[in-house]
Amino acid sequence: MKNCEYQQIDPQALPPATPNPPPPPRGPHGDRGEEPTAPRRKWQVFPGKNRFYCDGRIIVARQSGVLPLTLGLIIVTCGLFFIFDCPFLVKHLTSCIPVIGGLLFVFVVITLLQTSLTDPGILPRATPDEAADIEKQIDNTGNASYRPPPRTKEVLINQQVVKLKYCFTCKMFRPPRTSHCSLCDNCVERFDHHCPWVGNCVGKRNYRFFYTFIVSLSFLTAFIFGCVTTHLALRAQGGKGLMFALQESPGSAVELVVCFFSVWSILGLSGFHTYLVSSNLTTNEDIKGSWSGKSGEDVSNPYSHKNIFVNCCSVLCGPMPPSLIDRRGFLPADESVQTAAVDTELPTLATKSVCTQGTKGLLESATIPPLLSASCPQGKPHSARSCPDKGPAVNPDPELPTSCGRRPAAGSPPARHAKARAKKSKRAAQRVPNPSLDGPVSPASPDAGPGSQAGGHVGATFASLH
Amino acid sequence: IRPLQDLRQPAVSSKVFVQRDYNSGTISKFQTKFPSELESRLDKQQFEETIQTLNNLYAEAEKLGGKSYLEGCLACLTAYTIFLCMETHYEKVLKKISRYIKDQNEKIYAPRGLLLTDPIERGLRVVEITIFEDRSIGSGR
């Protein structure tokens, strides 16, 4: 009978699970050779389409969208307000006006920057080992030429059946309320929408900033509109007429136009999001009608606390979750070990290659950060991995949500946005529903072949993998 | 002949992933189902106790209550700028969780040839348990 003796592992001797700045010393088997470069941080190898500044402290989406326009409009309009309207109003009314205006302006700009520059709740991609483990658990019937069975898992949350979908890019089952943003190429928790005005996704971590931003912007817009109207009315008194007033204060005309067209859409948006907050819904769920019981089933939102006050508090004042992607953490020394493992397309092969490497590599790959492991290795043209669900930049009609099950109530703010977008408006968040949520989307890679593109058949792509 | 290195560091034989339990919603909670691969190495009760303690700690971090509301309201009033200087309650509990995992590794898991990875390293998706190879197999050769 075999007497199993386990060598006591000293946890301190192992490469640390948490990344530390100095890379662990390389053993004699280091056939990769010494890399003379400084230890790299995780943001430098982040697989999503994000950009990082200040050594990983600031994160933005690949396209900043119209964030400069949003900022520009706000700053220019407020600037004009302070230059043209405030002196007159301070003289004729009260000096509180620039103070209030200033406070609101500062609040708006800070919350806007926080919404844009914060990690919305990005989920790091699964490590190859995890992906392999999940693959083993999924029953893969049928041969390679057929599309693999849809990968979904059902869970019961508060007596509601919720379907969890498998994300082909991130190689994991998405948690509830998580959605994959094709613009940023990340899975985002509690995904609300991708807002081009803010240049970032709005998700679990930055929703409260976003909400505060639009509410304070509503106040600011309404405030400026009111002040400008008062200003022009006062100037036009005594029979002088509006034209005279506008000639005396041309800046006010610009402000008037901007504010008039923005205030409705922004107020509408604030109202809509207040409704969402009070019922603990996301824009994504509302547009898709997940909990509206469209087919007559008895469905209700399982995440709602059934109390408006509690819902509001939990969404806006709940604990602030940490960023899961650890942008500024350091990478363990040998990335090349893991990238080699990633390149082998078969999940089983990947596991095998991990096991057949040197023990040093094994231990280090055991603690390798997930970002790295799933990353498209630094510009290497890796077709198979990048294929499966690099969605076409799916541009649904920005004005109107396109998925079915949309309730009329949700339709009205978008309609207002359609109008506001036609004119020069400060902001109208475009709700970009995520089509990639509905399963694999057509791969963009040429290797997938023509047949696999149109119908979004990842089967062909997976055929090439297997 | 086995490489010199193997004598210093054990080889990974496999990894077990304890997945998230979403039955209570989106809160961070892990399944307490005992994985079969660990049967030869660990007691079911010990495993369950570890996972249950982790679940309780995460619940404490994400608890909605007076203290978290106060923190949230204060943050809102300062335009959330206090997040730049203050450590949030969640972060404090995460540190507590790290210490707990290190402690569990030292006391229970390492002696059995296992290693718990802090779930935060895996984006709170899984609790990864690395199983190290049984040394006596090699020495018998």
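Just so we're clear, the structure is a prediction, and the values are computed from it rather than from any experiment. Chain letters run A, B, ... following the sequence lines, proteins first, then strands; residues in each count from 1.
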Student: Using the rule side chain to side chain contact (heavy atoms under 4.5 Å, CB included), only one of Leu124(B), Thr88(B), Leu94(B) pairs with Pro322(A); which is it?
Tutor: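 When Leu124(B), Thr88(B), Leu94(B) are each tested with Pro322(A), the side chain to side chain contact (heavy atoms under 4.5 Å, CB included) holds only for Leu94(B).
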Student: Is Phe209(A) in contact with chain B via its backbone, its side chain, both, or neither, using a 4.5 Å heavy-atom distance?
Tutor: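 Looking at Phe209(A), backbone and side chain both touch chain B.
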Student: Nearest 0.5 Å please: distance from the OG1 atom of Thr26(B) over to the NZ atom of Lys204(A).
Tutor: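 It comes to 6.5 Å.
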Student: Who in residues 52-61 of chain B is close to chain A, using a strict under-4.5 Å heavy-atom cut-off?
Tutor: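 Hits under 4.5 Å: Ala61(B).
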Student: To the closest 0.5 Å, what do you measure between CZ (Arg125(B)) and CG (Leu324(A))?
Tutor: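 Between Arg125(B) CZ and Leu324(A) CG, I get 9.0 Å after rounding to 0.5 Å.
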Student: With a cut-off of 6.0 Å (strictly less than), are more than 12 heavy atoms of other residues, nucleotides or ligands near NZ of Lys33(B)?
Tutor: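 Open: at most 12 neighbouring heavy atoms sit under 6.0 Å from NZ of Lys33(B).
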Student: Around Lys306(A), counting heavy atoms of other residues, nucleotides and ligands shown, do more than 12 lie under 6.0 Å from its NZ?
Tutor: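 Yes, NZ of Lys306(A) has more than 12 neighbouring heavy atoms, counting only those of other groups under 6.0 Å.
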Student: Please flag which part of Met172(A) lies under 4.5 Å from any non-hydrogen atom of chain B: side chain, backbone, both or neither.
Tutor: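 When you check distances to chain B, only side chain atoms of Met172(A) fall under 4.5 Å.
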Student: Select one option (side chain, backbone, both, neither) describing which atoms of Arg208(A) are under 4.5 Å from chain B's heavy atoms.
Tutor: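 Answer is both: backbone and side chain atoms of Arg208(A) are under 4.5 Å from chain B.
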Student: Name every donor-acceptor pair, under 3.5 Å, that has one atom in a side chain of residues 72-84 of chain B and the other anywhere in the protein, sequence neighbours excluded.
Tutor:
{"residue": "Thr78(B)", "atom": "OG1", "partner": "Leu74(B)", "partner atom": "O", "Å": "3.3"}
{"residue": "Thr78(B)", "atom": "OG1", "partner": "Ala75(B)", "partner atom": "O", "Å": "2.9"}
{"residue": "Tyr80(B)", "atom": "OH", "partner": "Thr212(A)", "partner atom": "OG1", "Å": "3.1"}
{"residue": "Thr81(B)", "atom": "OG1", "partner": "Thr78(B)", "partner atom": "O", "Å": "2.5"}

Student: Which bit of Pro176(A) is near chain B, if near means a heavy-atom gap under 4.5 Å: side chain, backbone, both or neither?
Tutor: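 Answer is both: backbone and side chain atoms of Pro176(A) are under 4.5 Å from chain B.
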Student: Is it the case that over 12 heavy atoms from other parts of the model lie below 6.0 angstrom from the OH atom of Tyr69(B)?
Tutor: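 Correct, the count exceeds 12.
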Student: For the CD atom on Gln159(A), are there more than 12 heavy atoms of other groups (residues, nucleotides or ligands in this structure) within a distance under 6.0 Å?
Tutor: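 Not more than 12 within 6.0 Å, no.
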Student: If you take all heavy atoms of Glu130(A) and Phe17(B), which pair is closest and at what distance?
Tutor: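 Looking at all heavy atoms of both residues, the closest pair is CG-CE2, 3.2 Å.
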Student: Name the member of Ile110(A), Leu156(A), Val310(A) that forms the most heavy-atom pairs with chain B at distances under 4.5 Å.
Tutor: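 If we count pairs closer than 4.5 Å to chain B, Leu156(A) comes out on top.
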Student: Considering non-hydrogen atoms only, spot the tightest contact between Leu64(B) and Gly318(A) and give its length.
Tutor: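 Heavy atoms only, the tightest pair is CD2-CA, 4.0 Å.
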Student: Taking all non-hydrogen atoms of both residues into account, name the closest pair between Pro319(A) and Lys63(B) and its distance.
Tutor: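 Looking at all heavy atoms of both residues, the closest pair is CG-O, 3.8 Å.
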Student: Is chain B contacted by the side chain of Ile122(A), its backbone, both, or neither, given a heavy-atom distance below 4.5 Å?
Tutor: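 Ile122(A) has no heavy atom closer than 4.5 Å to chain B.
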Student: Which atom names give the shortest non-hydrogen contact between Thr127(A) and Glu128(B), and what distance separates them?
Tutor: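 Minimum heavy-atom contact is OG1-OE1, 4.4 Å.
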